[in-house]
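This report concerns only the one structure given below.
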2 protein chains.
Amino acid sequence: MSNRLEAPRYATMREVAALAGVGVKTVSRVLNGEPNVSDQLRERVNRAAAALNYELNVYAGGLRRAGARTNAIGLMLESVDNPFSAAIHRGVETVMRRHSIVVLAESFDEDPGRERTVVKDFLRRRVDGLILTTVSRDQAYLSAEVARGTSIVFVDRPAVSVAFDSVVSCNFDGALIATRHMLQHGHRRLAFIGGNQQIWTLRERRRGFLDELDRWNIECPPAHDVTGLLGEEEARLAAHAMLDAPDPPTAIFPTQNRLVVGVVRALHERGVQHRVAMVGFDDVELLDLLDPGVTVVAQNPHRLGELAAERLLARMARKPLELETLRVPTTLVTRGSGEIPGPHAAEVVNIPRPMGKAGRPSGA
Amino acid sequence: MSNRLEAPRYATMREVAALAGVGVKTVSRVLNGEPNVSDQLRERVNRAAAALNYELNVYAGGLRRAGARTNAIGLMLESVDNPFSAAIHRGVETVMRRHSIVVLAESFDEDPGRERTVVKDFLRRRVDGLILTTVSRDQAYLSAEVARGTSIVFVDRPAVSVAFDSVVSCNFDGALIATRHMLQHGHRRLAFIGGNQQIWTLRERRRGFLDELDRWNIECPPAHDVTGLLGEEEARLAAHAMLDAPDPPTAIFPTQNRLVVGVVRALHERGVQHRVAMVGFDDVELLDLLDPGVTVVAQNPHRLGELAAERLLARMARKPLELETLRVPTTLVTRGSGEIPGPHAAEVVNIPRPMGKAGRPSGA
DNA sequence: ATGAAAGCGCTAACAG
DNA sequence: CTGTTAGCGCTTTCAT
């Protein structure tokens, strides 16, 4: 007696064919916009489909179709919720939409365990390609995919153990420029504030920081080289701790959007935002309206997403391309906090030339 | 001679069965964790599957399985890129992950045309349910889905023409409280800054604003009741225009995250952020660190997402539930900008009691 | 405990 | 131009 259906009931092509009084293949032709159907039948089929509220089943079709494409790709991000990830997501979506490809996005929260689960899930859904941000040191679990011919592009962080295309920001360069900027403004006691050392971007940024200090023959004491911070709150506390300790830094370099916010908070809480300089890595909305405005090295996550998507499409089309790591430039955006003069501001003209180790002239 | 495959090549169950020397059904049993397989065969199958790098094809299975579920839901958002939408997305994902359900998120950019495309796309992929944010006045295109038994929940904005469950914020209440807050601080010339009037949330917020003004017997001149603004930049310009005109508002009420940022910018550009009051609708990161801090009515988009997801799961499970609109409270967060005293601050005790029209005592 | 056969909804490959 | 048949990869059904 009960008419309650346990699951939504979709009409089938066979039912549409029956109602229209035609063969199934004719229905398939009409609904897929194929040629060789008379206007009359076309009309009848459309009418029947509408009457039955028919919707094509893309997966049933794909099953039979040669080289079965699902017209879906998998996108693994740190978190769909993080503005940086979300911008990548939008960039990917924008490009994929032009090709009627759907984006399956999943957060993996920097958890290597979840990383495998998510990828496995994508594969079981037979996505046509993968765009991945990862933390795993060991990406051997992907080598099977290489053999199979799955198209994969890494975004934000390059692949480690296997050779895939990658699209990344110029992390090293950005960090180096930020560091030089602080040095040129007379700072010598700089502090590095960073996240998980497992993450490639962090290591690159730290390398840029230390390299530049090295060129200036400056040591960074361990107390001013803090990594492993998990978020805004930890960065805030770390900044407070540093500034409470003897010989505090005169300039701070937080190297991730969440950490930038944490450090800004600490400086404002102590009311030293006009005395202690800072340059952040990653731009965050409203940073320009703070007093002082916060100088940052800005990335272009939307562009990262677009490029990764375009690269993936090329791979999926089996274009013969060399393996490549595309690098998206970073930009120093000066707003005040990074231009607060340090104790050595007067000596600026006398600093070692920032080129080559130990002050050697470039090209020597 | 060429071995280059045009598409990734996945091993089939049949191949695994052949290699393991068993029947296909046995492979199916093992790989789906079904009982009634001897340890010996189980072991052999797993070995063969690993050797062939086999991955289950969820869609092929679902085709035959009764009540075929895809374990995917469709989530339509304004933009995956908008922090508000992204927080909803994360809330939905968090809940769905616990049920091994994947979220297919798509941006529709407040475009009614795209709205239909996206929903159609979801249906063709046979998602198990839909969580939708919409602009369309006419949602008749969904009535077919009701008939079919598709589970649908609306989030952020309720369904208009058809009866579905909805999960929304207390927009009216929030706007009313924000308005009262400004009035109680001595402001009488308030300005409303809003987006697309098509959008329900905007209309609710405007209604809350005008209702409260009405209780205080205050008129809002058309020049101070601006809607249809498309983003940060338009809001910024609108605020500038208002403040340039005669009889400028002494307090401004931008009613959306993008618009809040635009107005804040305008106030800072003119250097009047300490003279002109403002209360925003929607919280935005770093608003608390501005000078003055920006008072807002905060929503809880993550919670909206969680509730919508839970409701959808209940619907998908065919639980017998009444149609319902769940309301998530909004919170006034005072930070300074909303507490700037207005010209009538001294009269605060003499204002009409803010209850009932025309100052009538409540309950009369 | 195991597997052969049928069939999910669709399209490829052929007839007519 | 139109329709029939087979079969995509899997699970159901039902023997063994």
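Every heavy atom of this structure was used, including side-chain atoms; hydrogens, water molecules and symmetry mates were not. To find a chain, count down the sequence lines: A is the first, B the second, and so on, and within it residues start at 1.
Rounded to a whole Å, the CD atom of Glu55(A) is 15 Å from the P atom of dG9(C). Regarding Leu63(A), its CG atom lies at a distance of 12 Å from the P atom of dA12(C), rounded to whole Å. If you measure from atom CG of Asn57(A) to atom P of dC8(D), you get 18 Å, rounded to the nearest angstrom.
Interface residues of residues 17-52 of chain A facing DNA chain C, ordered by number: Lys25(A), Ser28(A), Asn32(A); criterion, heavy-atom separation under 4.0 Å.
The two residues Arg318(B) and Ser151(B) come nearest to each other via the heavy atoms NH2-OG, 4.3 Å.
Checked against side chain to side chain donor-acceptor pair (under 3.5 Å), Glu115(B) has the following partners two or more places apart in sequence or in another chain: Ser136(B), Tyr141(B).
If you check the side chains of Glu78(A) and Thr133(A), you find no donor sitting under 3.5 Å from an acceptor.
Remark: Arg9(A) engages Glu15(A) in a salt bridge, criterion side-chain N to carboxylate O under 4.0 Å. A salt bridge is defined here as a Lys NZ or Arg NE, NH1 or NH2 lying under 4.0 Å from an Asp or Glu carboxylate O, and Lys120(A) with Glu106(A) fails to meet this definition. Look at Arg44(B) and Asp39(B) and you find no salt bridge, because none of the NZ, NE, NH1 or NH2 atoms lies under 4.0 Å from a carboxylate O. The existence of a salt bridge linking Asp165(A) and Arg315(A) is confirmed by a sub-4.0 Å separation between a basic side-chain nitrogen and an acidic carboxylate oxygen. By the 4.0 Å N-to-carboxylate-O rule, Arg126(B) lies too far from Glu55(A) to be salt-bridged with it.
Rounded to 10 degrees, the angle separating the terminal axes of the helix from dA1(C)-dT16(D) to dG16(C)-dC1(D) is 40°, with each axis obtained from five end pairs.
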